[in-house]
Each structure stands twice: as C-alpha cells, then as structure tokens.
There are 4 protein chains.
Amino acid sequence: MSEGNVAADQLRLFIERIERLEEEKKGIADDVKDVYAEAKANGYDTKTMRAIVRLRRMEKHARDEADALLETYRNALGLA
Amino acid sequence: MSEGNVAADQLRLFIERIERLEEEKKGIADDVKDVYAEAKANGYDTKTMRAIVRLRRMEKHARDEADALLETYRNALGLA
Amino acid sequence: MSEGNVAADQLRLFIERIERLEEEKKGIADDVKDVYAEAKANGYDTKTMRAIVRLRRMEKHARDEADALLETYRNALGLA
Amino acid sequence: MSEGNVAADQLRLFIERIERLEEEKKGIADDVKDVYAEAKANGYDTKTMRAIVRLRRMEKHARDEADALLETYRNALGLA
DNA sequence: TCTTATTGTCCTCGAC
DNA sequence: GTCGAGGACAATAAGA
C-alpha cells in the first residue's frame, strides 16, 4: 500500500485540519458564553449586552463598507 | 365528503396564501432587477450601486438598533 | 448648483426606487412569516409546509420547462 | 470622574472581552473556509467533505453519549 | 466558470 | 420545558 492512497491521505489531512479548527472555534464560543455568564453574575443584563455587541458589530460593518465604497470612488476617479 | 377534510382544506388555504405572497415577492425582485438594468443602460455601475444600497441598509439597521437600545436604557432607568 | 448634479440626482432616484422596492419585498417576506406562524398556531408543522411549498414550486417549474420545450417544438415545426 | 463609572468600566471590559473572542472566532471560521478552498483547488468536492465532517461529528457525539451512559451505569452500580 | 449574494434551515440561547 | 428570537451554517441563485 505504498502507493495510491495519496489522495485519501491528503483528504484525511484536510478533514483533520478542519476538525481541529472547528474544535478551537467551539472552545471560543464556550468562552464567550462564560463571559456572558460572568457578567450576569455581576448583575448585568445579558440581553442588553448582546444588543450592545450587535450594535457595535453593525456599526463596524457599516464603517468598513463605507470605507470600501469610498475606495471604489477614488479608483473610479483615478485618485490616489 | 362534507366532513373531515377541514384540516386539509385549511392547510391548502395556508399553502395558497403563501404561494401567492411568494409570487408577489418574486415580481418585486424582478422589478428590482429591471431598475438595475435601467441604471446600467444609463451608464451606472451596478456593482457600486449595490454597494451603496447595502451600505445604506446597514446604516439604517445600525440606527434602528441604536434606537432600540436607547429605549431599553430609558426603560431600565425608569425614564419616560 | 443648477447644473452638473444631474447624474447624481438620477443615481439617487434609481437608488430610492430600489430601496422602496426592497422595502415592499421585506414587507411581503414578513407576511409570509406571519402565515407560517398562523399555521403553526393552528397545529401545522411549518417544516412540512415549507417542504410542500418547495415541492410545488419545483413541480411548477418542471411544468413550465415542459411547456417551453413544447413551444420550441411547435416553432421548429412551423406550427402556429 | 474617579467614581461612579466603575460599573460602566466593568461593563466595557466585558464587552471588549466578548468582542475580542468573537473576532478570534471569526478568524478561525475564515481559516476553515480557506482549508475548504485549498481542498477544492486540489480537486476535492467540498460538499462531500462537509458531509464527512458532519458525519464524523455526529459519530463522535454518539460515542460521547454512549460513554456518558456507561459512566452513569458505573456510578449506579457503585463501581469506581 | 467562478465567485459573490441571497435564501432557507438549523440550532443555540434566553425568557416565560 | 416550551417558545420565540437570533445567529451560524449550508445550499442555491445570480452576476461578473
């Protein structure tokens, strides 16, 4: 079997990389949950906190989008 | 068969209502496409236009979200 | 500013038309959601309903395809 | 302002911790996407790959469940 | 074709 | 423990 399973091996490696990343991702998601729990234990309202996080994310996205649009304009006008 | 198919009839009515709405929705989506096509025919870059529409939508969402959050704060503080 | 902003004005009009249409579309999407919610409140399983709607749409699509094909044949044969 | 904003500061810290974690999470999600893209560039079908990953996750879950059940039995029987 | 945008489904989470 | 909302993910459709 010294040959022919190259493709299978490569696939397996891809799969394993993905699984490792997914695990990391899950770990971080758990960390996020912990922070909310800790905040709640300190008397904060998690619903409001989630709203704040959501708002800030939206604002950041809008800003990024605006920057990209401005860049598009610049290019269209041949500036910089 | 004057009886017993009440449920089936009701389900059919729900399905038909949904299908009617979906058709309307599709019609509007087609209208949007037409507007983009018309704009393109007038020399506008549709990709940029889509970016503008997206940006304005994001900004509006952020604004709405901010308003809702402010309202939450107001209530929490017993104001108004 | 009686001049030169014609293009900008026209663009703005296009954008506004699109945004208006998008809003209508969203309104209809909300209506659809309401119908599903109402059906659920009447004891129907929305997942199944969605499957039905999807199936009927596919069938309609298949029928339309068949009609188009038939039309193609007709034309190829010089029949009305 | 040496006083009274303790709560606000603490809240801000919680929010920032969450945002930092969310960013990390997004970074990893992007990494996953990259791996899929790389696999695709090597001739693999990503849809199939996703199915494999999903299946293995389910199998792991099933195994964990079985282990937990076994543990429950052990405890019920007073075995180490 | 190949990417990007939208849509739909699933699943988690907090509230009641 | 059920419900509804929200977010994440996957599938499909559209556009370049």
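Note on naming: letters A, B, ... go to the chains in the order of the sequence lines (proteins, then strands), and numbering restarts at 1 for each one. Below, all heavy atoms of this structure are taken into account, side chains as well, without hydrogens, waters or symmetry copies.
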Please list, chain by chain and in numerical order, all residues satisfying salt bridge (charged side-chain N to carboxylate O under 4.0 Å, His left out) with [X], sequence neighbours excluded.
| X | result |
| --- | --- |
| A:E24 | none |
| C:E23 | none |
| B:R12 | B:D9, B:E16 |

Report task. Among residues two or more places apart or on two chains, list those pairs meeting side-chain hydrogen bond (donor to acceptor under 3.5 Å, both in side chains) that have a residue in residues 47-61 of chain D. Result ->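 Found A:E19-D:R56, D:D45-D:T48, D:K60-D:D64.
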Quick note, side-chain hydrogen bond (donor to acceptor under 3.5 Å, both in side chains) partners involving residues 27-36 of chain A, not counting sequence neighbours, are A:K26-A:D30
Requested in this report: Calculate, to the nearest 0.5 Å, the distance between atoms CD1 and CD belonging to A:I18 and D:E38 respectively.
Outcome: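 A:I18 CD1 to D:E38 CD: 9.5 Å, rounded to 0.5 Å.
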What are the two closest heavy atoms between [X] and [Y], and how far apart are they?
| X | Y | answer |
| --- | --- | --- |
| B:L21 | C:I28 | O-CG2, 3.3 Å |
| D:M49 | A:L11 | CG-CD1, 3.8 Å |
| A:A51 | B:L69 | CB-CD1, 3.8 Å |

Across all chains, not counting sequence neighbours, the side-chain hydrogen bond (donor to acceptor under 3.5 Å, both in side chains) partners of B:D67 are none
Min and max contacting nt of DNA chain F in 5' to 3' order, chain B heavy atoms within under 4.0 angstrom, are F:dG15 to F:dA16
Going by chain and number, the hydrophobic cluster around D:L13 (ILVMFWY, side chain to side chain under 4.5 Å) further includes none
TODO: Treating Ile, Leu, Val, Met, Phe, Trp and Tyr as nodes and any side-chain heavy-atom pair under 4.5 angstrom as an edge, say whether B:M58 and C:I15 lie in one connected cluster.
DONE: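 The answer is no; the residues belong to distinct hydrophobic clusters.
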Hey, does C:K40 have a side-chain heavy atom less than 4.5 Å from the side chain of C:Y44?
->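 No, every pair of side-chain atoms sits at 4.5 Å or beyond.
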- prompt: Looking at side-chain heavy atoms only, is the closest gap between C:Y73 and C:L79 below 4.5 Å?
  reply: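 The answer is no; the side chains never approach within 4.5 Å.
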Students should find that the end-to-end axis angle of the helix from E:dT1-F:dA16 to E:dC16-F:dG1, with five pairs defining each axis and rounding to 10 degrees, is 0°
Taking only heavy atoms on the protein side, list every residue of residues 45-70 of chain B lying under 4.0 Å from any atom of DNA chain F, sorted numerically.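 B:T46, B:R50 - these, ordered by number, are the residues of the stretch whose heavy atoms sit under 4.0 Å from the strand.
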Which residues within residues 19-41 of chain C lie with some heavy atom under 4.0 Å of an atom in DNA chain F?
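Here the set is empty: none.
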Contact boundaries on DNA chain E for chain A, cut-off under 4.0 Å to non-hydrogen atoms
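Footprint of chain A along DNA chain E, 5' to 3': E:dC13 to E:dA15.
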